[in-house]
Amino acid sequence: MALIVQKYGGTSVGSPEKIAAVAERVKRFVDQGDQVVVVVSAMSGETNRLIALAQGITESPSPREMDVLLSTGEQVTIALLAMSLQKIGCDARSYTGSQVAIVTDSAHMKARISRIDEQKMRADLDAGKVVIVAGFQGVDEQGNITTLGRGGSDTTGVALAAALQADECQIYTDVDGVYTTDPRVVPSAKRLERITFEEMLEMASLGSKVLQIRSVEFAGKYNVPLRVLSSFQEGPGTLISLEEDSSMEQPIVAGIAFNRDEAKLTLLGVPDLPGVASRILGPISAANVEVDMIVQNVAQDQTTDFTFTVHRNEYKKTLNILQQVCDDLGAREVRGDDGIAKVSLVGVGMRSHAGVASKMFDALAAESINIQMISTSEIKISVVVSEKYLELAVRALHTAFGLDAKAE
Ligand code: ASP
Ligand code: MG
């Protein structure tokens, strides 16, 4: 007998038929003797529909009222799922976040969970009931409804699993696991049996959008084993946990992440003096622009070149700020490029393997792909290349690091 938290996303509960299918799946676990807590999202498209309704009234709705509105989506699905379970003879009770209580701070639309009262859930589980909890929502100390930010139901699932010390948190979605890279770019990408929290964080933050990043951080912090699986087909999915894969030869690279969301900016001919980096990046962070990669060259002729990347949405704004900085510092010139892409190898196995970077650069060179920037960490190597070579780069690296699935 195990205590399992299962989270079903919007597409998994997108229609009454799909909700009935979720009920059947939950019942199979119950029949097997497991205790099950189910967290659900709103039906697919519902949260967007609610946002559009609000925008039809005002461009700047109050965040408190937005939370009152958005939390209704999940309230619909918990009730429908409870009814579906009861209909097939499975005792179930639904709770909103506030009924549980999932207590959060008061930061509407991006609230953080501060504590969870697990008494009611435990009593229901011990009485043989399935507990169904609305994802994405909580309540602050004053009793106001809050929400956790888009995709927040994943975090609800993990937080409940942590509070109940569940054996596993299963995230049911429309893909059957985490892949070595995006299968739309590399058709031979394969599902990973397991991956560590650390690796998943790198994969997620670099654009593999299977799970809300915060939920993975949470799972890592409380060591909650997370499993990503499909609600539409049977299979083991991908287990995300603390342990590395010890069952076989540890692969050096777990996966390849990439994104097209960044733009590159360069300040040429910056005087080589203490404090210039801070004078360049200060105004940019003051404008709330997040900087990702940073490269500063060794100085020549008392000047240096300074290059960094920002989100592409912030490109124009940053370019304007940098022009001002250029004048203030007496630097030579500003250059920018928003046609770039970032490709990263991710894997805890890199820690113990030398030569990963040179193998990466060899593979890119063999395809005549020019590397514009490089950054490394213990478990990741990222390069910036021209956007038009992104897919070629990912495919070449996928093959070079032996990640291609064997043809059946
Ligand atoms: N319904 C919310 C959203 O669409 C929360 C979630 O699905 O996780 O963002
Ligand atoms: Mg979601």
Side-chain angles (χ1 to χ4, degrees), residues 5-16 18-19 21-22 26 37-55 61 63-82 94-100 102 104-105 107-113 116 131-140 144-163 169-175 178 200-201 204-205 207-219 224 226-232 237 240:
V5 175
Q6 300 188 332
K7 180 262 171 178
Y8 292 90
T11 48
S12 308
V13 293
S15 66
K18 286 182 176 163
I19 293 175
V22 168
V26 171
V37 174
V38 187
V39 173
V40 282
S41 291
M43 295 166 83
S44 54
E46 178 63 10
T47 307
N48 289 340
R49 189 185 72 87
L50 295 168
I51 292 172
L53 277 179
Q55 274 161 356
R64 181 189 183 279
E65 300 314 323
M66 279 307 280
D67 281 350
V68 174
L69 178 68
L70 296 188
S71 62
T72 62
E74 274 72 11
Q75 187 166 342
V76 170
T77 41
I78 55 170
L80 293 177
L81 179 58
S94 71
Y95 294 102
T96 64
S98 125
Q99 286 174 314
V100 166
I102 298 175
T104 70
D105 61 18
H108 286 290
M109 300 178 75
K110 47 171 193 268
R112 294 198 162 251
I113 298 172
I116 293 177
V131 174
I132 304 169
V133 178
F136 171 61
Q137 56 179 264
V139 64
D140 73 4
N144 299 297
I145 297 175
T146 55
T147 64
L148 310 179
R150 297 305 304 267
S153 301
D154 292 340
T155 298
T156 306
V158 173
L160 291 181
C169 179
Q170 303 176 340
I171 308 276
Y172 288 90
T173 177
D174 45 9
V175 293
V178 179
M200 188 62 209
L201 280 174
S205 65
S208 313
K209 299 179 179 67
V210 197
L211 278 169
Q212 199 200 31
I213 296 179
R214 246 176 82 193
S215 72
V216 182
E217 284 167 1
F218 213 108
V224 176
L226 257 183
R227 192 181 290 277
V228 175
L229 348 82
S230 161
S231 14
F232 306 115
I240 309 166

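One-based numbering, in listed order, for ligands and for the atoms of each. Please read these numbers as outputs of a predicted model, since none were measured by experiment. Sequence positions, counted from 1, serve as the residue numbers for this chain.
Distances between N or O atoms of Thr47 and those of ligand 1 include at least one value under 3.5 Å. Remark: ligand 1 and Gly151 share an N or O pair separated by less than 3.5 Å (distance only, no angle test). Note: no N/O pair closer than 3.5 Å links Lys7 and ligand 1 by distance alone.
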Exercise answer: donor-acceptor pairs, residues 67-75 side-chain atoms, under 3.5 Å, sequence neighbours excluded:
from: Asp67; atom 1: OD1; to: Met109; atom 2: N; distance (Å): 3.4
from: Asp67; atom 1: OD1; to: Thr147; atom 2: OG1; distance (Å): 2.6
from: Asp67; atom 1: OD2; to: His108; atom 2: ND1; distance (Å): 2.8
from: Asp67; atom 1: OD2; to: Met109; atom 2: N; distance (Å): 3.0
from: Asp67; atom 1: OD2; to: Thr147; atom 2: N; distance (Å): 3.1
from: Ser71; atom 1: OG; to: Asp67; atom 2: O; distance (Å): 2.9
from: Ser71; atom 1: OG; to: Val68; atom 2: O; distance (Å): 3.1
from: Thr72; atom 1: OG1; to: Leu69; atom 2: O; distance (Å): 2.6
from: Glu74; atom 1: OE2; to: Ala42; atom 2: N; distance (Å): 2.9

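Taking 4.5 Å as the limit, every side-chain heavy atom of Val76 sits out of range of all side-chain heavy atoms of Glu46. No side-chain heavy atom of Val224 sits less than 4.5 Å from a side-chain heavy atom of Val5.
Residue Arg150 approaches ligand 1 through these ligand atoms, each under 4.0 Å from one of its heavy atoms: 3 (C), 4 (O), 9 (O). Of all atoms in ligand 1, listed by their number and element, those nearer than 4.0 Å to a heavy atom of Phe136 are 2 (C), 5 (C). Distances below 4.0 Å separate heavy atoms of Ser41 from the following atoms of ligand 1: 6 (C), 7 (O), 8 (O).
Ligand 1 has at least one atom lying under 4.0 Å from a heavy atom of Gly152. Contact annotation: Glu74 has at least one heavy atom less than 4.0 Å from an atom of ligand 1.
Looking at Glu217 and Arg214, no side-chain N of the basic residue comes within less than 4.0 Å of a carboxylate O on the acidic one, giving no salt bridge.
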Side chain to side chain contact (heavy atoms under 4.5 Å, CB included) evaluation trace for Val26 with Ile132: CA-CA 11 Å; Val26 171; Ile132 304 169; over 6 Å; no

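With sequence neighbours excluded, the residues forming a side-chain hydrogen bond (donor to acceptor under 3.5 Å, both in side chains) with Gln170 are Gln6, Glu168, Tyr172, listed by chain and number.
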